[in-house]
Amino acid sequence: MKFMKLGSKPDAFLADGKTTRYVSSELPTDVTIFVGEVKFLVHKFPLLSKSNCLQKLVSKANEENSEEIHLIDFPGGPKAFEICAKFCYGMTVTLNAYNVVAARCAAEFLEMTEDIERGNLVFKIEVFLNSSIFRSWKDSIIVLQTAKSLLPWSEDLKIVGRCIDSIASKTSVDPANITWSYTYNRKLAEVDRIVEDGIKYQKKIDCVPNDWWVEDVCELEIDLYRRVMIAVKSKGRMDGSVIGEALKTYAVRWLPDTVNALASDAHIKRNRSLIETIICLLPSDRNIGCSCSFLLKLMKVAILVGADDALREDLVKRIGLKLHEASVKDLLILAQSPQVTRYDVELVYRIVNQYFVHQKFNRNTDVIERSEKGAENLLLGHGSSLNVAKLIDEYLAEIADDPNLSLASFIDLSQSIPEFARPIHDRLYKAIDIYLKVHPSLSKVDKRKICSLIDVKKLTTEASMHAAQNERLPLRVVVQVLFFEQVRASVSVEAQNSRDSSSVMTSIDEECPKELDSCKSLKHNMGHMKISEDIQKTKKLAKKSSKNSRSGMQLLPSRSRRIFDKLWIMGKGHGESRSPETSGSSQSPTSVVPGDMKSSGSYTRQRRHSIS
């Protein structure tokens, strides 16, 4: 810490109790100056020779035949006045970052300027500030902290502004040129470790991280912190990720850990101001800066303290851009009155819509640009959409056990995921199964509505086995699952036969090169065998393939097999006719043809009406 000593005489100020200070001298004091509750018994001459203000006040007191002077609203209080008085007497006084602002404001109040005497206190303090304090990182922060209690004097003297500019300028210095001390208690990230020739060394000690300044600035109160961060951003040299790390560190430093502390009447106003300021300071580029997890935590706090609606909407847009980075735990935001659900499902629905609106815009932009970079971005966007679909299906499973969750909310959130982003329906099936279990009073119509979200073609074998034995599902859904598994087994056998035929034809080609053309024709014909012939042999083939496939038909209850056998025979006997039980299904046994199987693995799901 920098300091400056003024004067050379020994300190002669003594105390008489807590409210009286006097100068030990052979000469009696001739004036009493009151500063707050403390009175100073001093001599006129030393003080009047350096203070224009005291000259005026003493002159006025003499006219009133009084020896008392009252300094009202004196900046810095008795301690600051004592520093000024000691300077007038030539006594030794030490200035440092903790008292220099008070001394500067007091000297300004007393008008201790160059007009009264050269080398006066105002001049000396300004030299100390400019040559030492503002050149020191930690001293600048200390001075800024002490300046808050001396407003508006410190603001009018531009001490606050100069401190902020000094701090902001130092944050923009190349970390390689940092020579001063700073506080850094956080762990270095992997990118901040030295890796050379395949050998990982210890964490960088001599190398300064880009966010070296974050923790020291976090000690500032929110008003000053906001001004510092605005100045840092205005320099235009700070990466958005560092700004985000600074805001995250500040939030951890000042926001309470518990919900009760956040929303308590005593602190809710302060917490609201803090969270609104942090949101306003987020990087202007919404794609960078803060993790999705941190943004969702800000959203939770913003809801609890009743932050401004416009700022919360800005958070929704920011979260929507990074939703693929979130976890289910991050999305579990408690609902507020008048909502009756446990979690705020409507908010998650808005975030999901925001994400896919942005993804659609990016895809359109990439198509227009038709550049290699655009193609890469399109592929990455598709991958992140799959992550979001997985996230929302897991979120649906988490909230499905809420008795107050309406069917409409569940369906709307599920349908917010586009078809291409959900190639597998296992997680969605799990969520629907939980919902049906917790809501046993659903009508048949409602059950058909929620089950219409499932595409049985996109269920894995394990999920199909479970669904075939699930008594909570409508019978039509069970029939669809059974039929599709049977067709899948048939196609599996056909594929195996085709591979065997191909092997035979290959050996014939090697042994009989003269008959190569006829063999190729034979392989071509065998590879395109009519699937209708396989349907007639389905039962025999299914029995044969049960040892090589995991269709799970042997695990089906006898009741399910009887239903399927009956419907299968009816489908063969009547051709296009449909039984009343399955007439409303878009994927009834008689309406699904094996050719549809070839498209079941694609990411684009066929539009299917609800099961009715």
**Message:** With side-chain hydrogen bond (donor to acceptor under 3.5 Å, both in side chains) as the rule and sequence neighbours excluded, what pairs involving residues 320-332 come up?
**Reply:**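 Residue pairs with at least one partner in residues 320-332: Ser293-Asp330, Ser327-Asp330.
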**Asked** With Ser409, which residues qualify under side-chain hydrogen bond (donor to acceptor under 3.5 Å, both in side chains), at least two apart?
**Response** Ser406
**Asked** Tell me, do Ile178 and Trp213 make a side-chain contact under 4.5 Å, heavy atoms counted?
**Response** no
Between [X] and [Y] (salt bridge meaning N to carboxylate O under 4.0 Å), is one present in this structure?
X      : Y      : answer
Glu111 : Lys56  : yes
Glu37  : Lys18  : no
Asp308 : Arg272 : no
Lys170 : Asp216 : no

**Message:** Are Trp212 and Tyr184, when compared by the centres of their aromatic rings, separated by less than 6.0 Å?
**Reply:** no
**Asked** Between Asn260 and Thr258, do the side chains contain an N or O donor and an N or O acceptor separated by less than 3.5 Å?
**Response** no
**Request:** Would you please classify the geometry between the Trp180 ring and the Trp137 ring as parallel, tilted or perpendicular, with 30° and 60° separating the classes?
**Result:** parallel
**Request:** Using the ring-ring contact (aromatic ring centres under 6.0 Å, His included) rule, take Phe40 and Tyr22 through it: C-alpha gap first, then chi angles, then the decisive distance, then the call.
**Result:** CA-CA 6 Å; Phe40 291 85; Tyr22 64 95; over 10 Å; no
**Request:** Using side-chain contact (heavy atoms from CB on, under 4.5 Å) as the criterion, list what pairs up with Ala85, not counting sequence neighbours.
**Result:**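 Partners of Ala85 by the side-chain contact (heavy atoms from CB on, under 4.5 Å) criterion, ordered by chain and then number, come out as Phe13, Phe81.
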